[in-house]
Amino acid sequence: MIPYINVPFDYVANLMGAPTDELKMIFLFLMSYPLAGLLKRLPDHKPWTKNVFIISISILYLVGLFDLWSGLALIVLDAVGAYLIAKYVEGPYMPWIGFSFLMGHMSISHIYRQMAANPSSVDITGAQMVMVMKLSAFCWNVFDGRQKASELNDDQKERMIVDLPAPLDFAGFVAFFPSIMIGPAFDYIDYHRWLNTSMFDLPPGTDPMKAPPTRKKRKIPRSATPAMWKMASGLLWVLAFLQFSNYFNKEVVLSDRYKNMGLLWRIFHLHMLSLVTRMKYYGAWSLTDGACTLSGIGYKGLDPKTGKPNWDRLINVRPAGVEFAQNSHAYLGNWNINTNHWLRNYMYLRVTPKGKKPGFRASMATFVTSAFWHGFYPGYYLTFVLASFIQNVAKNSRRLLRPFFMTPDNKPLPRKRYYDLLTWLVTQLTFSFCTAPFILLTIHDSMLVWSRVYFYCPVGVALCSLFLASPGKAWLARKAGARSGGGGGGGGGKPGGLGRTDSMDSLKGGTTLGVPSEPGREFDELVEEIMVEVKMRRGSRAGPEGMELRRRVEATLVEKSEEMKKEL
């Protein structure tokens with residue numbers, strides 16, 4: 001560690017009442033801006049200088065600022081291990097071996113962090129979570145490069161790695177300093193195209209006069225203005241977090257004062273706890289996104305509508321998309337976007353056999369991966385399990401209720417603004433409750449706070465689930481179908497007040513952050529898969545068929561799940 005580096009941070013931390021490590025992390029984010037400006041100015045025809053600069057700054061961050069010598073060793077081990085696995089292991093299991101190695105190594109770090117019981121301190125787990133995404137994707141990209149092009153989809157063709165990168169290029173990719181601590185993660189091909197500047201080539205047929213302006217002979221377009229806007233928004237979010245966290249924090253909701261508040265005030269405080277916690281992530285991710293923009297790697301090409309450069313390649317969160325979400329899929333889909341992409345492209349779609357649609361196995365594999373990736377605090381799992389049932393209820397409720405606020409030709413009625421307002425309020429309060437264990441971490445604290453607001457979310461989900469399992473669902477579906485001309489409900493405009501945000505079906509992928517969208521449907525798919533397996537193994541021997549076989553499979557699954565619950 002740099003001598004006396006903690007002195008100014010300890011002084012400011014005492015004045016503000018904030019943890020020293022969190023202030024150092026903000027300083028790291030801000031320092032990345034001038035350093036990213038220097039990085040962009042290194043000669044394009046000497047990419048090795050950029051790699052050396054990136055690696056040096058990352059070592060300075062880890063060792064000079066946080067004294068994470070062991071953390072540096074862990075990242076080096078992850079990188080070297082993934083590179084060697086990709087280079088020497090052949091066959092279809094190579095990416096899974098790389099994934100297992102990275103997840104297993106990170107899980108050990110998660111356990112150590114949980115044992116240390118100091119969530120506000122900075123350790124290497126955040127950086128390792130980024131490494132798992134980057135390096136597991138790297139293994140898959142190398143694997144795709146060894147396959148026939150006809151067996152790959154367009155996205156896989158675009159990101160495949162045919163020739164293993166030089167060790168120095170790979171090290172620069174791993175150590176990219178603007179995003180090393182908390183992301184955003186990106187694929188190696190993005191780094192490679194940024195390094196050789198092919199990322200900034202104009203699409204074929206584009207008028208050269210419409211090329212974005214650059215300085216001197218650099219190919220990287222000017223990016224200072226969008227980077228400064230992202231930095232400003234990030235700082236505003238951080239300042240808001242520092243201000244409001246004094247009034248809305250987990251100590252408040254665990255106190256006797258909270259217990260003695262009125263119910264509406266308790267729900268308000270619970271919502272504000274969630275919002276203020278999100279502010280910290282909005283700030284951190286906006287700051288890192290801005291530094292990536294300034295370096296040039298956030299370039300996404302020319303906007304087809306405006307013709308101006310789009311700098312949202314590595315955007316990780318859309319605060320407005322979360323705060324004004326009117327359904328669970330939009331809420332989750334606008335949060336931790338790069339993790340959503342990683343889970344979809346390198347788990348959800350990868351466990352699905354070619355020619356088949358993703359089903360129960362893909363959803364459960366993604367769910368387990370997301371849960372383990374986050375860590376092992378029990379509160380995480382309370383949130384994930386509850387969120388899966390929320391997704392199911394929200395999806396079905398929207399299909400049944402939205403048509404009553406639309407015309408038969410799918411245009412919004414004047415009263416739809418009340419539907420928009422109600423769905424926004426329900427979504428926000430539902431996830432304020434659901435995500436509380438993610439902040440409180442322990443089962444005891446989570447249940448204590450949930451009980452103080454009378455478990456309003458699980459009760460509501462249970463009542464809605466009972467209705468969806470009753471004849472009332474069929475009756476309401478007939479009514480909704482009659483209003484929409486048999487088409488259900490979709491589309492929509494933006495009448496007054498709150499406009500419609502992303503719908504559940506507009507966000508690609510069957511899961512968001514690994515949360516299954518329809519647990520009931522996925523259970524049915526599991527039963528169907530087991531029935532097919534039973535018939536194949538039984539061959540020509542006699543046995544139950546049809547509904548009788550299905551009934552026995554379902555009964556066995558329920559019995560086994562009950563046994564597992566008792567063991568736990």
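Count residues from 1 along the sequence.
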Using residues 62-75 as the side-chain source, report each donor-acceptor pair under 3.5 Å to any protein atom, sequence neighbours left out, with the distance given to one decimal.
{"from": "Asp67", "atom 1": "OD1", "to": "Trp69", "atom 2": "NE1", "distance (Å)": "3.4"}

Tell me whether the rings of [X] and [Y] are parallel (<30°), tilted (30 to 60°) or perpendicular (>60°).
{"X": "Tyr191", "Y": "Tyr188", "answer": "tilted"}
{"X": "Phe376", "Y": "His110", "answer": "perpendicular"}
{"X": "Tyr83", "Y": "Phe170", "answer": "tilted"}

Check: Distance under 6.0 Å and angle within 45° of the ring axis: does Lys134 meet both against Phe173?
Finding: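 Yes; both conditions hold, so Lys134 lies above the ring face of Phe173.
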Next item on the list: Decide whether a cation-pi geometry holds between Lys230 and Trp311; the criteria are a distance under 6.0 Å from NZ or CZ to the six-membered ring centre and an angle within 45° of the ring axis.
Entry: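 Judged by the rule, Lys230 and Trp311 form no cation-pi pair.
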Check: Does Phe186 have its ring centroid less than 6.0 Å away from the ring centroid of Phe176?
Finding: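 Judged by ring-centre distance (under 6.0 Å), Phe186 and Phe176 do meet the cut-off.
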Notebook entry, point to check: Using the benzene-type ring in the case of Trp, are the ring centres of Tyr281 and Trp237 under 6.0 Å apart?
Noted result: no
Can you tell whether the side chains of [X] and [Y] come within less than 4.0 Å, N to carboxylate O?
{"X": "Asp44", "Y": "Lys50", "value": "yes"}
{"X": "Arg159", "Y": "Asp187", "value": "yes"}
{"X": "Asp312", "Y": "Lys300", "value": "no"}
{"X": "Glu158", "Y": "Arg193", "value": "yes"}

Checklist line | All side chain to side chain donor-acceptor pair (under 3.5 Å) counterparts of His105, not counting sequence neighbours | finding: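 His105 satisfies side chain to side chain donor-acceptor pair (under 3.5 Å) with Asp78 only.
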Note to self: Treating Gln156 as the side-chain partner and Asn153 as the backbone partner, does any N or O pair qualify as donor plus acceptor under 3.5 Å?
What the structure shows: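 Checked: pair present.
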